[in-house]
Amino acid sequence: MRTSQYLIATLKETPADASVISHQLMLRAGMIRKLASGLYSWLPLGLRVLRKVEAIVRAEMNKSGAQEVLMPVVQPAELWQESGRWEEFGSELTRFQDRHNNAFCLGPTHEEVITDLIRSEINSYKQLPANFYQIQTKFRDEVRPRFGVMRAREFIMKDAYSFHGSHACLLKTYEVMHQTYCSIFQRIGLNFRPVLADTGSIGGTGSHEFHVLADSGEDDIVFSNASDYAANIEMAEALAPSVVQEEKRAGRTVATPATKTIEEVCNYLNVPAHQTIKTLIVLGTVDENGKQPLIALVLRGDHQLNEVKASKLTQLASPLAFASDQRISSELGLPVGYIGPFNLTIPIIADRAAAAAVNFVCGANIVDHHLQDANWHDASLFAQIADIRNVVKGDPSPCGQGQLDIKRGIEVGHIFQLGTKYSEAMKARVLDEQGKEQAMVMGCYGIGVSRVVAAAIEQNHDDKGIIWPSAIAPFHLALIPINLHKSPAVAETCEKLYQAFSTAGIEVLFMDEAKARLGGMLADAELIGIPHRVVVGDRGLEQGMVEYKGRADSESSNIAVDEIVSMVKNFMN
RNA sequence: CGGAGCGUAGCGCAGUCUGGUAGCGCACUACACUGGGGGUGUAGGGGUCGUGGGUUCAAAUCCCGCCGUUCCGACCA
């Protein structure tokens, strides 16, 4: 490709509304442009990268035995009503009506459509298992689109759906997809980890997420330092601590004026946060009177409530909701900040660690007062003791080996064992060996293709710009002439090299604009992140040399003109 | 949805407090010089100051409404 015939839309300055590095660099390198919040156009350069990611995903999916299909973005409401998600999904699902007033939605995912398709096409156990995938545009009206294509409203996803006669068969395909995902992210060249995950709103039984490790990630990923255990913090179990061997002191009420937060109380009383107990008031499930009762959650002051774990408790509303300050003060007669677990009139659910605490500080249920050296006398105080906190660095690993560490991750893939949730609801059945009708067992497998592009940049950049992994670079090599318009020797050599590289299967961006200056071309090549660059100038040519530099190299080197093609080709293998 | 900020040329910003002819840098056009890391000069083009209303002799500037957008928190590829 020649830059004289190609849109290189690089920006010298960083657009003000981009905060994360991948978003900034994608705008600056001229890969994407924003149309509206969470909606992006892909420019030629960005699209080349996107297509390369797609190609790797497609190749590995095909290799796994999955079959490619393409389903519509626009989906009829009836299917979603049939699965129950028309009500369940909330306002992230964009709904609209056509000219006949029929209801439709923009597909945020395709379980309904694929299940509808397959229930009429597959009728026998003999046709199973089968796995279908597509690479297609999804629309989710995100609460808060951000970070460019990392969390866009419209995005490209690879979604696959497998169908089986038994759960055992599903597990086999699940394992194949797990392997396939590892191959995909390896080929792309990412530093990633598969981790145990929550199933979220998609539903189902078992699940793994694939995370690209990067500080800008939105998820906390938990690792054992002694085994390959890895889990999303939503899932990682916090074990009960060993019992503290400490003499229980007599509790007393102390005045703690204007100390509402744990931090304020700790400073005021000079106690560490792990010696405190906090009491959170949340809403329970709707009772027979149609009301949501208040329920108290008790955690150690230094621990964070894990809302995913909590909302799985049957007594609690799902998703978890905190009680309003008004309800707390009217029903408990107290402002937030001084509530404690003793003499509360509402049910209490205690975290395992909180239930094991001794000689702790907690709210006294009196304004401006806390209890100090408080102790649990009787476990019957609690309606339940459960794991409802986030693990913290240094916790023992739930796998039994080692301690936990926490890193940030960007979720680029997610695989689920769906089971029969959709096939039951939508009557997707086959006849088994006995001629009996049976709901198909399903799995589903997603990759955020456009997000992978951003994640790759988060992991591979420097102060000059992007450093593409070779497999997804928009071009392999930048061919940069010096004084192209003046030097016949430079022009001739560049043309010859351009042909030779192309013939060797190397994708060249030939910066052939007559008046372009060297500094600008070098800066662009670095910003765009092209892995290899060759500079051709008269001075080198007098010795029969051109200048080579890899994007991540610190120094360039002189290479003979007739060796450069085979050298770069070797680098790429 | 709650909290905060921003909206002036394609991009980055100043001007707003204290009302008085709309500016700067980059980019763009033309010409000349320059030519191994975003060069220099000369001459240019480009603006409903987000939008609607109000106050005023006069509004980018003050007041009210609306819209857009970004960031921080609860959702997800």
Side-chain angles (χ1 to χ4, degrees), chain A residues 9-20 23-24 27-28 30 33-39 53 57 89-93 108-110 135-160 181 197-202 209-212 218-219 232 234 305 307-308 311 319-322 324 409-416 444-455 464 480-487 490 514-527 533 535-541 546-547 549 556:
Chain A
T10 52
L11 265 28
K12 212 182 239 181
E13 287 168 293
T14 302
D17 55 5
S19 62
V20 298
H23 188 195
Q24 291 173 357
L27 289 167
R28 286 229 290 138
R33 288 293 182 261
K34 187 175 75 174
L35 176 65
S37 178
L39 303 176
V53 175
V57 170
F89 218 88
S91 48
E92 208 166 288
L93 184 67
T109 176
H110 279 68
I135 297 173
Q136 185 249 19
T137 298
K138 297 282 181 281
F139 189 88
R140 296 183 185 176
D141 197 359
E142 287 281 345
V143 193
R144 181 148 97 82
R146 65 187 126 170
F147 306 153
V149 299
M150 194 97 91
R151 176 174 301 280
R153 291 194 289 180
E154 187 176 308
F155 61 99
I156 308 287
M157 175 159 135
K158 187 285 300 176
D159 47 328
Y181 273 38
D198 182 57
T199 50
S201 67
I202 307 274
E209 291 169 350
F210 288 76
H211 280 264
V212 168
E218 296 184 83
D219 287 285
N232 192 303
E234 292 175 347
L305 174 66
E307 299 195 19
V308 171
S311 62
L320 193 73
F322 285 89
S324 65
I410 300 165
E411 184 188 354
V412 290
H414 201 160
I415 59 179
F416 299 86
C444 78
Y445 319 92
I447 289 179
V449 174
S450 40
R451 181 182 284 180
V452 164
V453 175
K464 294 198 170 93
I480 300 179
I482 298 169
N483 291 330
L484 181 67
H485 61 300
K486 278 191 178 171
S487 164
V490 168
K515 294 263 177 91
R517 306 185 70 87
L518 180 64
M521 290 189 284
L522 295 176
D524 274 352
E526 283 163 334
L527 175 59
R533 90 170 185 219
V535 177
V536 179
D538 276 323
R539 287 184 205 166
L541 286 182
V546 293
E547 185 189 293
K549 183 173 174 295
S556 61

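Just so it is clear: chains get the letters A, B, ... in the order the sequence lines come, proteins before strands, and each one is counted from 1. Only heavy atoms go into these numbers, but all of them, side chains included; no hydrogens, no water, no symmetry mates.
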(message) Need one value for A:Ala455: base, sugar-phosphate or nothing, where a base atom within 4.0 Å counts as base even if backbone is also close, heavy atoms only.
(response) nothing
(request) Check the distance between B:C75's P and A:Asp141's CG and give it to me in whole angstrom. (result) 17 Å
(request) Check A:Ser556 against A:Lys549 and note the closest heavy-atom contact, atom names and distance. (result) CB-CB, 3.8 Å
(request) Decide side-chain contact (heavy atoms from CB on, under 4.5 Å) for A:Leu320 and A:Leu305; before the verdict, give the C-alpha distance in whole Å, the side-chain angles of both, and the deciding distance to 0.1 Å. (result) CA-CA 11 Å; A:Leu320 193 73; A:Leu305 174 66; 3.5 Å; yes
(message) Tell me which nucleotide, if any, is Watson-Crick or G-U wobble paired with B:G25 when both distances must be under 3.5 Å.
(response) B:C11
(message) Applying the Watson-Crick and G-U wobble criteria at under 3.5 Å, what pairs with B:C62? Answer none if nothing qualifies.
(response) B:G54
(request) For A:Asp219 and B:C75, give me the distance from atom CG to atom C1', rounded to whole Å. (result) 11 Å
(request) Rounded to whole angstrom, note down the C1' distance from B:G54 over to B:G19. (result) 15 Å
(message) Please determine whether side-chain contact (heavy atoms from CB on, under 4.5 Å) holds for the pair A:Lys34 and A:Asp17, giving the CA-CA distance in whole Å, both sets of side-chain angles, and the decisive distance to 0.1 Å.
(response) CA-CA 10 Å; A:Lys34 187 175 75 174; A:Asp17 55 5; 3.3 Å; yes
(message) Nearest to the A:Lys486 side chain among B:A77, B:G35, B:G36, which nucleotide is it?
(response) B:G35
(request) Considering only atom C1', compute the distance from B:G37 to B:A77 and round it to an integer number of Å. (result) 40 Å
(request) For nucleotides B:U48 and B:G53, find the distance between their C1' atoms and express it as a whole number of Å. (result) 16 Å
(request) Find which nucleotide of RNA chain B each of A:Gly413 and A:Ala16 is nearest to by heavy atoms, and output the residue with the more 5' nucleotide. (result) A:Ala16
(message) If I compare all heavy atoms of A:Arg140 with all of A:Phe155, which pair ends up nearest, and what's the gap?
(response) NE-CZ, 3.9 Å
(message) Measuring only the C1' atom in each nucleotide, how far is B:A60 from B:G23? A whole number of Å is fine.
(response) 12 Å
Shorter than 3.5 Å, N or O on both sides, protein versus nucleotides 5-7 of chain B: list them out with atom names.
none

(message) Suppose you measure atom C1' in B:C71 against the same atom in B:U51; what distance do you get, rounded to whole Å?
(response) 23 Å
(request) Quick one: label A:Asn483 by what it contacts on the DNA or RNA (base, sugar-phosphate, nothing), any heavy atom closer than 4.0 Å. (result) base
(message) Are A:Val535 and A:Leu522 packed together at the side-chain level, in the sense that at least one heavy-atom pair is separated by less than 4.5 angstrom?
(response) yes
(message) Regarding B:G10, can its base be found pairing with the side chain of A:Glu13 as donor and acceptor, where the two atoms are less than 3.5 Å apart?
(response) no
(request) Check whether any side-chain N or O of A:Thr14 sits under 4.0 Å from OP1 or OP2 of B:G12, and answer yes or no. (result) no
(message) If I take atom CG in residue A:Leu35 and atom P in nucleotide B:U69, what distance separates them, rounded to the nearest angstrom?
(response) 10 Å
(request) Determine the Euclidean distance between corresponding C1' atoms of B:G38 and B:C26; express it in Å to zero decimal places. (result) 10 Å
(request) Pick the C1' atom in B:G50 and in B:C67, then give their distance to the nearest Å. (result) 7 Å
(message) Treating primed atoms plus P, OP1 and OP2 as sugar-phosphate and everything else as base, which nucleotides of nucleotides 38-50 of chain B get B, S or - for protein heavy atoms under 4.0 Å?
(response) BB-----------
(message) Let me confirm one number: the CZ-CD distance from A:Arg153 to A:Glu142, rounded to the nearest 0.5 Å.
(response) 9.5 Å
(request) Pick the P atom in B:G65 and in B:G3, then give their distance to the nearest Å. (result) 14 Å
(request) Would you mind pulling out the nucleotide paired to B:A77, Watson-Crick or G-U wobble, both distances under 3.5 Å? (result) none
(request) Give the C-alpha distance, both sets of side-chain angles, the deciding distance and a yes or no for side-chain contact (heavy atoms from CB on, under 4.5 Å) between A:Asp538 and A:Val490. (result) CA-CA 6 Å; A:Asp538 276 323; A:Val490 168; 3.7 Å; yes
(request) Examine the base of B:C76 for any acceptor or donor lying under 3.5 Å from a partner atom in the side chain of A:Arg151, and report the outcome as yes or no. (result) yes
(request) Report the base-pairing partner of B:G45 (Watson-Crick or G-U wobble, both distances below 3.5 angstrom), or none. (result) none
(request) Provide the Watson-Crick or G-U wobble partner of B:C71, both distances under 3.5 Å; none if there is no partner. (result) B:G3
(request) Return the value, rounded to whole Å, for the distance between atom NZ of A:Lys34 and atom C1' of B:G68. (result) 9 Å
(request) Consider the side chain of A:Pro15, meaning its heavy atoms from C-beta on, and name the nucleotide among B:A74, B:C75, B:C11 that approaches it most closely. (result) B:C11
(request) Go ahead and name the base partner of B:G37; Watson-Crick or wobble counts if both distances stay under 3.5 Å, otherwise write none. (result) none
(request) Can you tell me the distance, in whole Å, between the CZ atom of A:Arg146 and the P atom of B:G3? (result) 18 Å
(request) Using the closest heavy atom to pick a nucleotide of RNA chain B for each, name whichever of A:Val149 or A:Val20 lands nearer the 5' end. (result) A:Val20
(message) Expressed as a whole number of angstroms, how long is the span from A:Glu142:CD to B:U69:P?
(response) 15 Å
(request) Report the distance from atom CZ of A:Arg144 to atom P of B:U69, rounded to the nearest whole Å. (result) 13 Å
(request) Answer yes or no: side-chain N or O of A:Arg533 and base N or O of B:G37 forming a donor-acceptor pair under 3.5 Å. (result) yes
(message) Nearest whole Å is fine: how far is B:A30 C1' from A:Lys515 NZ?
(response) 11 Å
